[in-house]
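First the proteins, then the strands, lettered A, B, ... as listed; each starts at 1.
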Amino acid sequence: MTFALSLRGQRRKTRARRIPVSLIVGGAMLAIQLLLAVFPSVFAPYAPDSFDYNALMQPPSLAHLFGTDNFGRDVLSRVIHAYSVDMQIAFFATVLPFLFGTSIGAVIGYTGGLAETIFGRLVDAIITFPFLVLVIAIVAVLGPGLNNMYIAVGVVDWVFYARLAVAEVKVQKRLDYAEAGRAMGYSPARIVFRHLMPNIITPLIVYWMTDMALAILLGSSLGYLGLGAQPPIAEWGVQIADAKNFMGTAWWMSVFPGVAIVVAGLSFSLTGDGVAEKMRTRR
Amino acid sequence: MHLLLYVLRRIIQLIPTLLFIALVVFLLVHLLPGDPASAMLGDRALTADVNRINHELGLDRPLPVQFLLFLRNLLHGDLGRSIQLHQSVVSLIEQRLPVTILLTVMSALVAVVLALPLAFVAALRRDREADVLIRGTFQIGLSMPVFYIGLLLLTFFGAYLRWFPVGGYGDTFASHLYHLFLPALTLALSLSAVLMRNLRQAILSVIGAEYVDFARAKGLPARLVLLRHVLRNALISTVTLFGLQIGTLLGGAVVTETVFAIPGAGRLMIESIYGRDYPVVQGTTLCLAVVVSLTFLLTDLIQVMLDPRLSR
Amino acid sequence: MKAGLSLEVKNLSTTFETPLGAVTAVDGVSFDVHPGEVLGLVGESGSGKSVTLRSLIGLIHPPGKVTGQVTWNGQDLLSVPPGRLRRVRGGEIAMIFQEPMTALNPVLTVGLQVEENLRAHTALDRGQRRARAIELFDLVGIPDAKRRLENYPHQFSGGMRQRVMIAIALASNPKLLLADEPTTALDVTIQDQILKLILSLRDELQMGVVLVTHDLGVVAGTCDRIAVMYAGRIVESGSVLEIFDGPRHAYTRGLLASVPQAGAERGPLLAIEGTPPALSALPTGCAFGPRCSFANDACRATRPELAEIGPGRQVACLHHETVAASKGQFA
Amino acid sequence: MTDPTLISLEDVGKVFPMNSSLLRFMRGLPQSRVNALNGVTFEIRRGETVGIVGESGCGKSTLARCLVRLHDCDSGRIRFEGNDIAELEGANRRQFNRRVQMIFQDPYSSLNPRMRVRQILAEALSVHRMRPKAEIPARIAELLDTVRLPSDAADKFPHEFSGGQRQRIGIARALAVEPEVLVADELVSALDVSVQAQVVNLLLRLQTELGLTVVFVAHDLRLVRHISHRVVVMYLGRVVEIGPTERIFSAAAHPYTQALLAAAPEMDPRHRNTKPAARGELPSPLNLPPGCAFNTRCPLATGRCFTERPELRATEYGHMAACHLVDAHAVSA
């Protein structure tokens with residue numbers, strides 16, 4: 001305790017400029033994948049859906065670096081085109097829950113009282129539904145497809161952001177700087193959004209990163225089950241579902257989409273860890 | 001004594017939760033665009049059939065009345081009939097749910113067995129090779145979708161090495177366990193990754209706690225300090241997390257059962273979705289949610305037993 | 001009455017390896033503690049007083065390295081095998097902490113926490129251990145001992161918790177008590193009770209006590225001798241009377257003068273300008289130099305060593321005579 | 001001549017409900033609550049320093065927060081220049097918030113870690129429209145100079161300062177809006193002794209230069225004695241004694257005040273007593289004894305102390321104590 005205090009001085013100097021390795025690596029990986037997602041046709045050697053019946057289930061070769069699938073489609077091109085779909089899932093499924101959940105949670109946490117009690121009950125009830133089961137159920141009712149998946153995820157997911165925001169705000173609002181703002185006569189809106197928000201946003205951003213990784217897992221799982229992206233759209237889960245009968249004979253069909261999922265997930269987690277670490281050294 | 005009161009309180013708190021679950025499951029079907037019956041029967045359904053089904057399901061009455069009817073049926077153990085399988089939903093679930101529960105329990109056990117010692121190793125060897133290796137491996141496992149892990153294990157241990165069956169459930173209990181081993185392992189990997197990460201962090205923070213220093217200052221043997229003072233306190237947060245993860249585990253079970261062709265409630269649900277068999281979708285969703293809320297009760301109890309501060 | 005033991009500390013240093021280089025939290029500290037005596041280790045946050053205390057019985061966590069000699073009962077505690085050290089810890093040398101709420105394990109009954117100490121250090125059986133635990137609770141003034149043993153730490157008030165911690169520490173009749181700011185978290189009337197308790201236990205058990213504190217009032221009220229620490233080093237030591245009457249180090253003098261005295265109400269206090277230096281960025285020469293009104297070029301060039309200036313009286317200041325002479329100005 | 005009374009507290013009470021539980025409700029038990037403040041009555045005069053002392057749980061911090069309306073009191077009223085502060089609305093309320101400022105205890109949490117000192121001060125200046133935009137930088141420099149911080153401090157974040165410097169920033173923030181009253185809650189208790197003195201000196205200087213009224217809440221009796229004109233002693237939510245500083249410290253009337261003074265360690269190693277000054281501990285605020293709240297620990301308590309609660313009574317002009325054993329003196333006003 002005493003020692004930690006005395007270290008404060010030296011952390012002061014080196015802190016700001018040091019960027020954690022995980023943030024650099026994760027960020028760079030994300031940037032590359034975003035490029036692939038935005039300009040897939042620039043990087044993909046073939047069209048994702050061009051059949052080549054002369055080259056069915058070819059193992060990786062110079063012509064087809066990742067081999068071809070059972071319709072003779074180039075696996076590399078499909079994996080690259082799938083970036084557009086899966087990165088889109090990662091972002092669109094989570095961005096609204098993140099923004100909405102965070103703001104509403106901050107307000108609820110600051111207001112407290114009845115709003116918080118009601119919200120608490122809602123959270124208790126919602127977390128009893130297995131997330132995937134609920135999403136599957138909603139998609140089942142609305143019909144398969146990406147848009148319905150976003151709706152299904154959004155209906156539930158904001159609650160987790162809001163819950164985190166409530167918890168963080170409840171800690172921060174008791175701190176003296178928030179009290180000082182109140183004693184100064186600042187408006188609640190100013191205190192919540194100008195004073196508290198910058199201090200609670202880090203864990204929420206970190207959670208958002210994790211959530212994007214989870215969204216990719218969810219998206220590919222639904223794709224695999226036939227409830228998400230619909231064939232012939234190139235999507236990793238769909239690709240693996242197509243490949244599941246050829247696991248032993250044509251490993252390349254499933255391995256490359258699988259690796260793509262893992263790499264995407266890892267880069268979000270790494271970036272999240274990096275953000276957390278960066279912010280930790282800042283305090 | 002305190003514990004008993006606590007259980008009572010938690011059971012009382014369960015009631016609104018169960019009501020909410022029922023409400024959500026009820027509303028689920030009413031989210032359907034147009035009327036449920038035509039959605040169930042598809043575009044080419046005859047008007048007469050639609051009307052018949054609407055009436056059979058009581059869908060021609062006002063929504064609140066329908067909900068009350070739904071609740072009444074629920075209390076009588078009636079979840080409706082499967083459109084596809086022509087069986088009562090309850091009997092279907094009775095057959096299928098135990099499979100899912102066995103799978104979940106097995107995978108929870110496997111996850112704990114994996115996570116506990118590895119978390120200790122990782123925490124005590126913090127930032128050294130063992131820690132980096134353990135965390136790295138689990139991080140990769142965490143980034144893999146459950147169905148993909150399943151397919152990999154299935155291909156390698158099932159199809160290639162032929163150590164385990166590639167699917168099914170078997171007839172005897174021993175054979176159940178044998179059939180469910182790979183699926184349980186599949187499900188356990190991501191859970192154990194989550195648990196390991198949390199427990200490692202908890203151990204690290206507890207090791208720095210002053211009461212651990214005090215325990216060492218008392219001259220207690222290292223083993224006692226680790227087990228009685230470090231592990232017990234560290235487990236408190238991990239048990240909470242474990243409870244929260246049960247939902248994820250059940251969700252994963254739905255996928256795993258599909259991958260391994262296990263006749264569980266999850267697979268029943270997915271098949272019913274393909275067949276637009278909404279009463280079954282409703283029923284399975286409801287049951288899985290109830291299972292989760294009961295598990296919460298259980299983990300809460302373990303927590304209270306671990307942490308006397310919670311039972312007041 | 002058994003004969004007491006003395007603790008001899010020679011040239012104790014504790015260094016922490018950080019990503020930004022080694023930081024020396026305790027730098028060449030030497031002192032001894034005799035049976036039945038209360039030695040006060042006085043200093044502000046970051047002065048290294050708590051780290052010193054923890055270093056004595058090997059409670060420094062891994063990135064930290066401790067060197068020097070800590071002689072107790074004819075052996076060097078820094079080099080004895082772990083098993084032997086464990087027997088000393090809690091058995092012969094006990095330690096109590098600042099925050100009883102965080103120093104007691106929240107999920108175990110206090111009875112168990114007393115008992116495990118007895119189990120580690122005595123041959124008593126279950127029943128005897130329980131009897132001894134009740135006896136200890138009585139000794140430290142916890143009413144209704146039998147019932148209270150079944151309670152958890154959160155069921156006690158702050159003062160009672162501190163008594164529980166003392167009872168645990170005393171379980172095996174230690175001959176030396178290390179107390180790390182034992183009353184800082186307590187209210188003044190409770191602090192008073194706890195300090196009086198420690199003093200009476202000292203008399204009863206003929207224990208030596210090392211009391212780490214930042215509160216000069218506590219020092220005046222309880223210590224026999226004191227060692228003042230600044231930036232990891234002892235800058236002045238001697239009997240409490242000598243030091244309160246005539247501080248020889250500019251830091252000690254400043255510390256004493258910055259406490260408000262009766263009779264000078266609403267006048268400016270004699271403050272020490274500036275703040276204590278970060279351990280990673282110590283100034284050259286005397287660490288107190290930049291804040292010292294007596295400092296000159298000599299102080300900035302060489303670091304003054306702790307030197308004997310009288311029987312049992314040491315100071316590490318080039319100008320200690322000037323400091324002593326200037327005392328009258330502020331008294 | 002204006003009224004010397006700036007703030008008056010009339011029978012102020014504040015209750016914090018504890019976590020209510022369904023089970024308690026079902027068993028017909030009352031919901032538990034803590035009376036943090038109970039019938040607190042005294043006044044604060046323009047330009048004086050009032051010290052408020054007491055041990056943890058005595059309600060002194062709650063009182064400080066009620067004074068700046070961080071809490072609203074549940075009963076009684078606080079008047080500022082004769083107006084009930086609970087009824088202030090809109091512009092009047094903003095004026096009150098400006099004129100009565102609070103400085104906080106914890107130098108590590110009282111400043112927003114994500115704002116530079118310049119932003120912290122500019123916000124106070126602009127929200128209360130203290131200066132036109134163009135004059136704000138000059139005013140910030142002036143404020144930093146007032147609290148003796150270097151001018152380059154403006155562009156740093158709070159974590160780049162030491163504890164003492166942060167408290168100065170906190171003081172500068174309060175001074176930015178040119179208040180008349182400063183409520184300081186344990187202003188220096190988190191600081192090292194040598195730094196405490198710097199901040200205390202600053203506070204004393206500012207009070208004389210700016211003619212501030214100061215409410216100094218602290219548990220350190222020596223500090224309170226050093227800077228207060230009058231002292232209010234609190235115990236379990238009530239005022240037990242109030243009077244001029246010298247009276248309180250030389251002729252305390254209430255047994256609790258006497259115990260508090262005796263328990264505070266003296267700076268003279270020659271004066272030691274071996275007997276604790278007060279026995280026992282604070283009773284639970286959830287379960288206060290009837291009669292005088294101090295009766296569980298009071299060495300002098302008699303039958304009446306266990307049944308009847310003593311009211312504050314004047315012992316001589318300006319000195320009051322709430323104890324049955326203190327003789328009331330005839331006071332001519």
Side-chain angles (χ1 to χ4, degrees), chain A residues 1 121-122 124-144 148 151-152 155-156 210 213-214 216-227 236-237 240-241 243-244 246-248 251 254-255 257-259 261-270 273, chain B residues 13 16-21 23-25 28-33 36 39 139-148 151-152 154-156 159-160 190 210 244 246-255 258-259 266 269-270 272-274 276 278 281-282 284-285 288-293 295-296:
Chain A
M1 174 47 210
R121 298 257 70 123
L122 180 71
D124 283 353
I126 282 188
I127 57 174
T128 54
F129 281 97
F131 184 56
L132 186 61
V133 171
L134 193 57
V135 170
I136 288 178
I138 297 177
V139 170
V141 169
L142 295 179
N148 287 343
I151 295 173
V155 165
V156 185
T210 325
L214 288 177
I216 288 184
L217 295 189
L218 182 84
S220 61
S221 295
L222 288 183
Y224 175 82
L225 293 173
L227 300 172
W236 300 323
I240 295 176
K244 73 176 171 226
F246 314 105
M247 292 286 290
W251 55 267
S254 61
V255 164
V259 170
I261 296 177
V262 172
V263 170
L266 279 182
S267 19
F268 279 115
S269 314
L270 266 180
D273 286 353
Chain B
Q13 282 174 356
T17 308
L18 293 177
L19 270 177
F20 180 83
I21 293 173
L23 180 67
V24 169
V25 168
L28 209 56
V29 167
H30 294 271
L31 280 176
L32 282 168
Q139 190 62 54
I140 291 174
L142 211 50
S143 307
M144 277 200 223
V146 170
F147 70 90
Y148 190 58
L151 283 176
L152 289 182
L154 186 82
T155 310
F156 190 69
Y160 181 68
S190 54
E210 201 140 73
L244 290 174
I246 290 297
T248 314
L249 201 61
L250 276 175
V254 172
V255 179
T258 312
V259 172
M269 181 181 176
I270 297 292
S272 318
I273 290 175
Y274 295 147
R276 300 188 167 206
Y278 292 106
V281 177
Q282 245 185 348
T284 42
T285 309
L288 292 177
V290 170
V291 169
V292 172
S293 55
T295 321
F296 280 170

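In this structure, chain A has a heavy atom under 4.5 Å from the side chain of B:I270, while its backbone stays farther away. Both the backbone and the side chain of B:S293 come within contact range of chain A, each with at least one heavy atom under 4.5 Å from a heavy atom of that chain. Residue B:Y148 touches chain A through its side chain alone, counting heavy-atom pairs closer than 4.5 Å. Only the side chain of B:Y274 comes within contact range of chain A, judged by heavy atoms closer than 4.5 Å. Neither the backbone nor the side chain of A:L270 comes within contact range of chain B; no heavy atom of the residue lies under 4.5 Å from a heavy atom of that chain. Of the two parts of B:T285, the backbone and the side chain both hold a non-hydrogen atom closer than 4.5 Å to a non-hydrogen atom of chain A. With a 4.5 Å cut-off on non-hydrogen atoms, A:A213 does not touch chain B at all. Residue contact with chain B, scored on non-hydrogen atoms closer than 4.5 Å, is absent for A:V135. Neither the backbone nor the side chain of A:L214 has a heavy atom closer than 4.5 Å to any heavy atom of chain B.
By the 4.5 Å heavy-atom criterion applied to side chains, A:L134 and B:V24 are counted as neighbours. Side-chain contact check for A:I127 versus B:F296: some heavy-atom pair is nearer than 4.5 Å. B:V292 has its side chain out of reach of A:F129: every pair of non-hydrogen atoms, C-beta onward, lies at least 4.5 Å apart.
Interface summary for chain A: among B:T258, B:L250, B:L151, the most heavy-atom pairs under 4.5 angstrom belong to B:L151. Per-residue counts of heavy-atom pairs under 4.5 Å with chain A were compared for B:T17, B:T155, B:V255; the largest is that of B:T155. Taking A:A264, A:P257, A:G258 one by one and counting their heavy-atom pairs under 4.5 Å with chain B, the maximum is reached by A:G258. Ranking A:V139, A:I216, A:V259, A:V255 against chain B, the residue ahead of the rest is A:V255, based on heavy-atom pairs under 4.5 Å. Counting heavy-atom pairs under 4.5 Å between each of A:I136, A:L227, A:D124 and chain B puts A:I136 at the top. The residue among B:L18, B:L249, B:V259 with the most heavy atom pairs within less than 4.5 Å of chain A is B:V259.
Here the shortest heavy-atom pairing between B:I21 and B:A289 reads CG2-CB, 3.6 Å.
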